[in-house]
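First comes the structure, then the notes that go with it.
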Number of protein chains: 2
Amino acid sequence: MAARRRRAPAGESRDRVFAAAAAEFASRGFAGANMDRIARAARLNKAMIYYHFAGKTALYHAILNDMFGAVRTAVTAVAASDRSPEDKIRAYIDAIAAEGEARPHFPPIWLREIAEGGEHVDAETLGYIRDVLAALGAIIAEGNRAGCFRPLPTLIVQGGIIAPLMFFFASSRVRARIARLTDADVPAVSREAVVAHVQRLTLAQLEGRV
Amino acid sequence: MAARRRRAPAGESRDRVFAAAAAEFASRGFAGANMDRIARAARLNKAMIYYHFAGKTALYHAILNDMFGAVRTAVTAVAASDRSPEDKIRAYIDAIAAEGEARPHFPPIWLREIAEGGEHVDAETLGYIRDVLAALGAIIAEGNRAGCFRPLPTLIVQGGIIAPLMFFFASSRVRARIARLTDADVPAVSREAVVAHVQRLTLAQLEGRV
DNA sequence: GTCTATAAATAGATAGAC
DNA sequence: GTCTATCTATTTATAGAC
């Protein structure tokens with residue numbers, strides 16, 4: 001979100017389109033998303049979508065941008081803070097989890113983009129992703145200099161963080177379905193438990209304990 | 001695959017359709033997959049797809065079935081073997097990695113199904129998934145009785161295994177793109193390294209070491 | 001078994017009134 | 001800013017010849 005729009009024109013219909021589109025893209029993917037359905041969910045007509053956005057692709061890009069822009073802002077601040085490297089890793093993970101959780105469409109969309117090689121990612125979003133990785137790289141490098149981290153490749157560490165996080169957040173529906181299938185055994189793991197777990201695992205790797 | 005087809009009719013055109021469809025579904029998702037493109041990739045015409053399969057959905061179900069049927073067969077054998085619980089966990093992970101790697105379409109399709117709550121999973125495939133989880137549950141229970149494993153929920157352990165595996169296998173394209181973006185830092189992790197890593201991590205969790 | 005049409009439905013996008 | 005109506009292209013699916 002952020003930019004665009006000058007006077008917040010009473011009806012905030014643009015936000016409704018945005019929200020409806022995010023949900024549609026999350027549950028059906030880019031190709032499966034349907035402009036008519038988005039309009040209906042936004043309690044508007046299709047023409048209004050094209051009034052606010054240039055087209056399906058531009059709409060999708062706006063959503064990706066909002067997602068990764070928010071993550072970039074958060075983790076850049078973490079990297080620039082004056083905590084210890086260990087605390088920065090924890091905060092980095094917290095930030096990604098928080099932004100991912102604040103947008104229910106975030107994990108499914110990210111998962112899909114990975115599955116299709118980031119085919120719909122535009123240049124602006126790609127820049128944000130680069131910044132996110134740079135932030136993590138800087139934290140790891142700082143830990144290296146301080147002698148507390150091993151020099152693991154940034155992408156490996158990032159994978160170890162987002163794989164379980166996105167997977168967990170995105171899979172609540174499948175988990176529910178599978179739980180229903182195998183009756184019981186529904187642990188209902190909390191967000192906090194997952195985040196704490198990923199934090200421990202990541203630090204254990206960085207510190208060479210596993 | 002397995003079932004269906006009685007006499008392998010010379011041209012094995014059904015296999016070509018199957019393979020082309022698997023690749024198409026993997027890279028574009030169910031909604032984004034296009035029957036014309038599948039036909040072209042299979043060096044056939046669209047009518048031939050409908051000659052072999054009832055429709056787009058049936059074609060997709062056949063692919064899901066092949067994927068999860070293979071995993072089910074492999075992990076059921078592992079659970080029934082007479083290794084130690086630790087070895088069974090390693091073999092379980094190995095089996096999933098092997099089946100996933102043998103089918104390049106497997107990781108992307110699985111990732112997508114998770115993103116959309118398994119909406120296109122049919123009853124037969126769901127049964128296979130149940131069996132896979134039952135196998136893992138049996139291994140964990142055996143370890144509990146032997147006193148070497150903590151009683152972690154099956155779904156949690158399964159998530160810890162498939163999240164990194166599917167993520168890694170599915171993300172080679174994005175990883176390459178990101179690596180190109182940040183220039184260098186391309187670790188080119190091997191399949192063996194990832195599997196070994198997941199095995200260590202999973203056992204560390206089950207044995208309460210992390 | 002394999003092919004060439006073609007039917008029938010759907011979906012992205014726009015014109016133009018209010 | 002918001003709407004209805006519509007154009008156009010794409011897409012699943014099938015009929016029917018060979």
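Here is the naming used below: chain letters follow the sequence lines, and residue numbers restart at 1 for every chain. From a predicted model like this one, the values you see are computed outputs, not experimental measurements.
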**OP:** Would you give the length of the straight line joining atom CE of B/Met35 to atom CD1 of B/Ile49, rounded to the nearest 0.5 angstrom?
**Re:** 4.5 Å
**OP:** Please examine the side chains of A/Ile38 and A/Leu59, heavy atoms only from C-beta on, and report whether any two atoms are closer than 4.5 Å.
**Re:** yes
**OP:** Just call it for B/Ala33: base, sugar-phosphate, or nothing, with non-hydrogen atoms closer than 4.0 Å on any strand.
**Re:** sugar-phosphate
Original post:
To the nearest angstrom, how far is A/Arg43 atom CZ from D/dC3 atom P?
Top reply: 11 Å
Original post:
For the pair made of CD1 in B/Ile38 and P in D/dA13, what is the distance, rounded to whole Å?
Top reply: 11 Å
**OP:** In whole angstrom, give the distance that lies between atom NZ of B/Lys56 and atom C1' of D/dT14.
**Re:** 17 Å
Subject >> Shortest side-chain distance from A/His52, nucleotide among C/dA11, C/dA13, D/dT2 >> reply: D/dT2
Subject >> Validation row: A/His120, A/Thr57 side chains within 4.5 angstrom (heavy atoms) >> reply: no
**OP:** Among A/Arg28, A/Arg112, A/Arg177, find the residue that satisfies the salt bridge (Lys or Arg N to Asp or Glu O under 4.0 Å) test when tested with B/Glu116.
**Re:** A/Arg112
Subject >> B/Arg175 and B/Ser171 side chains, donor-acceptor separation under 3.5 Å >> reply: yes
Original post:
Can you tell which of D/dT2, C/dG12, D/dT11 lies closest to the side chain of B/Asn34?
Top reply: D/dT11
Original post:
With a non-hydrogen cut-off below 4.0 angstrom, is B/Met35 in contact with a base, only sugar-phosphate, or nothing?
Top reply: sugar-phosphate
**OP:** Could you check how far CG of A/Asp36 sits from P of D/dT4, rounded to whole Å?
**Re:** 12 Å
**OP:** Whole angstrom is fine here: how far is it from OH in B/Tyr50 over to C1' in C/dT4?
**Re:** 16 Å
Original post:
Closest to the B/Tyr51 side chain: D/dC3, C/dA13, C/dG1?
Top reply: C/dG1
Original post:
Rounded to the Å, how far apart are B/Arg16 CZ and C/dT2 C1'?
Top reply: 11 Å
Original post:
Where the side chain of B/Ala47 is concerned, which of D/dT2, C/dT2, D/dT14 is the nearest nucleotide?
Top reply: D/dT14
Original post:
Please give, in whole Å, the distance from D/dT11 C1' to B/Arg37 CZ?
Top reply: 10 Å
Original post:
Contact class for B/Ile49 vs. all strands (heavy atom < 4.0 Å): base, sugar-phosphate, or nothing?
Top reply: nothing
**OP:** Report which part of the nucleic acid B/Asn45 touches: base, sugar-phosphate, or nothing (heavy-atom distance under 4.0 Å, all strands).
**Re:** base
Subject >> Atom-pair distance (CG on B/Asp15; P on C/dT2), nearest Å >> reply: 12 Å
**OP:** Output the single nucleotide from D/dC3, C/dT2, D/dA13 whose closest atom is nearest the side chain of A/Leu44.
**Re:** D/dC3
**OP:** Could you say whether B/Lys46 or A/Gly32 is positioned toward the 5' end of DNA chain C, judged by the nucleotide with the nearest heavy atom to each?
**Re:** B/Lys46
